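The shown structure was predicted, so the numbers you read here are calculated from the model rather than taken from an experiment.
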Amino acid sequence: LPLSLFVRHAPALIGHWTFNDVNNPYAESSGFRPATTHDGTAIGTVALSIDHPAVLTGNSLDLTGGGVLEILNTRTAEAGYLNTFDDEIAAGLTVSSWVKLNSNWTATAWVAFASKRGDDNSGFQLRRFNTGPDACFTIRGTPQADDPQGAINYEDGNWHLITGVWDGGAGTRLLYVDGVLDTAASLTNDFAPMALAQTNSLVIGGEDRSNDGSGSTAITSQLMGYLADVRVYNYPLSPTQVQMLYNPSFVPTVTLGLQFTNGSLKLSWPNGTLLEATSLAGPWTTNGAPSPLTVTPTGPGKFYRVKVQ
C-alpha cells in the first residue's frame, strides 16, 4: 500500500495576525515561516479600527464592509505554497480570534472567523453556528460531528475570544468562549486525521470555497464584524494556555509533584514548562519531556523548577 509520511515541526505558533504594523497591517508575525510568506491580502473592503479588546493594544480588523483577508501561499496553486496550514496541523490544531459581532449586523449563516475551506468534506473553520448566536469549531473528515453547536451567546456587540482546540491523538475537540469551555460544542473520540483542504486558501473573516484547484477563489461567508489577534497553532493548547490568551495577566497555579519509587524520582507538573539546571544559579534550560518524568539518580545532580508560561 502507498504510504505518505510527514514529520511535523515542534509545537509552535504557526500563524499570527495582530494588525498592528501600520506599514504592513496584514503581516503574519509568528516567525514560523520567513517574513511575508503568509501575509494577508485584502479582498473587498477591509479596514483597520482602533476599537480593540481591552487586554490588547493597537488595531483590530474592520470587516463590516464585507471584505476578507486571503492568506498568501496557503493553496497548492500558488508557486510559493507551503503546507503550514495543511500537513502541519493534520493531527493537532488551535485556532483563536477575538470577535466582535452583533447578531443584528448580518443574517448570513455560518460566517467565518478563520477558515481553510471547512465545507464540502475538507478543511476546518472557526465560525458562527448557522445564524448564531453560538459559535462552532468545524473540522472535516474526523469521526465525530462536523459542526457541533455551541451554547454560549457571543453575538452581543462586545469583544469575545473564540478558541477552537483539537487534539487528534487524544480525540478531543474543544470550543472556548472567553476562556470558558463550551461543553455543548466539545467532543471526544474525534481522532486524526482531518481531511485537508490543500487547494483552498486560509482566509480570515470568510471562506475560500473554490473547488477546482485552479487557484481561483470563491469567497463566501463574510463576517461583517471585527476581528483581532488571530492565531493558529500546530498543537492543542491547554486550558491554562487558553485562559492566558483571554487574560494575559492570569497567573495559573503551578505545582511540581515529587514521588520516590524504587530508587527513582518521578516529577509531575499539570501545567507550565519544566526547566532544569546543574546549578541553582543556572543557566536554566527547557526539559522537553512531557509530565510525568522519571529521573534516575545517576550522573551529576540536577535542579528542577516549573516555569509558568
Side-chain angles (χ1 to χ4, degrees), residues 8-9 12-53 56-89 93-100 111-118 123-127 162-164 196-210 213-223 225-235 245:
R8 288 193 303 164
H9 290 83
L13 175 66
I14 61 173
H16 192 196
W17 296 268
T18 65
F19 317 117
N20 287 338
D21 183 343
V22 294
N23 296 315
N24 188 10
Y26 310 141
E28 193 285 307
S29 57
S30 70
F32 184 76
R33 299 295 193 191
T36 75
T37 299
H38 293 313
D39 286 359
T41 182
I43 297 178
T45 302
V46 177
L48 297 179
S49 172
I50 59 173
D51 182 359
H52 56 75
L56 301 179
T57 59
N59 301 312
S60 65
L61 192 66
D62 181 352
L63 301 177
T64 56
V68 304
L69 282 190
E70 183 178 19
I71 306 306
L72 298 173
N73 300 312
T74 57
R75 52 186 162 88
T76 51
E78 294 174 281
Y81 167 78
L82 292 176
N83 58 13
T84 312
F85 305 103
D86 290 310
D87 302 87
E88 195 68 46
I89 53 85
L93 168 69
T94 298
V95 187
S96 183
S97 178
W98 285 91
V99 180
K100 184 174 182 178
V111 295
F113 318 141
S115 71
K116 201 164 195 299
R117 197 155 184 175
F124 64 88
Q125 288 197 49
L126 189 66
R127 61 179 175 175
I162 313 296
T163 306
L196 302 178
Q198 294 158 314
T199 62
N200 297 90
S201 292
L202 180 69
V203 176
I204 294 175
E207 176 190 355
D208 169 17
R209 205 165 181 175
S210 59
S214 67
S216 63
T217 52
I219 301 299
T220 64
S221 307
Q222 292 92 328
L223 174 68
Y226 300 82
L227 298 174
D229 196 42
V230 180
R231 297 170 178 248
V232 181
Y233 297 80
N234 66 353
Y235 68 100
L245 286 182

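A donor-acceptor pair under 3.5 Å links the side-chain atoms of Ser115 to the main chain of Gly206, judged by distance alone. With Gln125 contributing its side chain and Arg117 its backbone, the two residues share a donor-acceptor pair below 3.5 Å. Counting only distance, with no hydrogens or angles, the side chain of Asn234 and the backbone of Glu88 share no donor-acceptor pair below 3.5 Å.
Residues Tyr235 and Thr94 fail the side-chain proximity criterion, which asks for heavy atoms closer than 4.5 Å. Contact annotation: the side chain of Ile50 approaches that of Asn59 to within less than 4.5 Å [non-hydrogen atoms, C-beta and beyond]. Taking the side chain as every heavy atom from C-beta outward, Ile14 and Phe85 approach each other to under 4.5 Å. Lys116 is listed as a side-chain neighbour of Thr74, based on a closest heavy-atom distance under 4.5 Å. Between Trp98 and Ser60 the shortest side-chain heavy-atom distance does not fall below 4.5 Å. Gln222 is not listed as a side-chain neighbour of Leu63, based on a closest heavy-atom distance of 4.5 Å or more. With contacts defined as side-chain heavy-atom distances shorter than 4.5 Å, the pair Asn200/Arg209 does not qualify.
Shown here for Ala228 and Pro53, the closest heavy-atom pair between the two residues is CB-CD, 3.9 Å. Residues Tyr26 and Ala47 approach most closely at OH-N, 4.4 Å, considering heavy atoms. Across all their heavy atoms, Asp21 and Asn23 have their closest contact at OD1-N, 2.9 Å.
Note that CG of Leu93 is 12.0 Å distant from OH of Tyr233, once rounded to the nearest 0.5 Å. Thr64 OG1 to Leu61 CG: the interatomic distance, rounded to the nearest 0.5 Å, is 9.5 Å. Separation of atoms CG (Leu202) and CG (Leu69) is listed at 10.0 Å; rounding is to 0.5 Å.
The side-chain contact (heavy atoms from CB on, under 4.5 Å) search around Ser97 returns Val99, Leu227, Val230, not counting sequence neighbours. With sequence neighbours left out, Thr18 forms a side-chain contact (heavy atoms from CB on, under 4.5 Å) with His16, Asn20, Ser29, Asp229. Residues forming a ring pair (Phe, Tyr, Trp, His ring centres under 6.0 Å) with Trp17 (at least two apart in sequence, or on another chain): none.
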| message | Could you go through Phe113 and Leu223, starting from their C-alpha distance and side-chain angles, then the distance that decides it, and tell me whether this counts as side chain to side chain contact (heavy atoms under 4.5 Å, CB included)? | response | CA-CA 7 Å; Phe113 318 141; Leu223 174 68; 3.8 Å; yes
| message | Could you walk me through whether Ile71 and Glu28 satisfy the side chain to side chain contact (heavy atoms under 4.5 Å, CB included) test, starting with their C-alpha distance in whole Å, then the side-chain angles of each, then the deciding distance to 0.1 Å, before giving a yes or no? | response | CA-CA 9 Å; Ile71 306 306; Glu28 193 285 307; 5.9 Å; no
| task | Check step by step if side chain to side chain contact (heavy atoms under 4.5 Å, CB included) holds for Phe124 and Ile89. | result | CA-CA 10 Å; Phe124 64 88; Ile89 53 85; 3.9 Å; yes
| request: Could you walk me through whether Ile219 and Asp208 pass side chain to side chain contact (heavy atoms under 4.5 Å, CB included), step by step? | output: CA-CA 5 Å; Ile219 301 299; Asp208 169 17; 4.3 Å; yes
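Checked against the 6.0 Å centroid criterion, the rings of His52 and Phe19 do not qualify as a close aromatic pair.
Looking at Asp86 and Gln198, their side chains never bring a donor and an acceptor atom within 3.5 Å of each other. Side-chain N/O atoms of Ser201 and Arg75 include a donor and acceptor closer than 3.5 Å. In the model, Thr84 has a side-chain atom that pairs as donor or acceptor with a side-chain atom of Arg33 under 3.5 Å.
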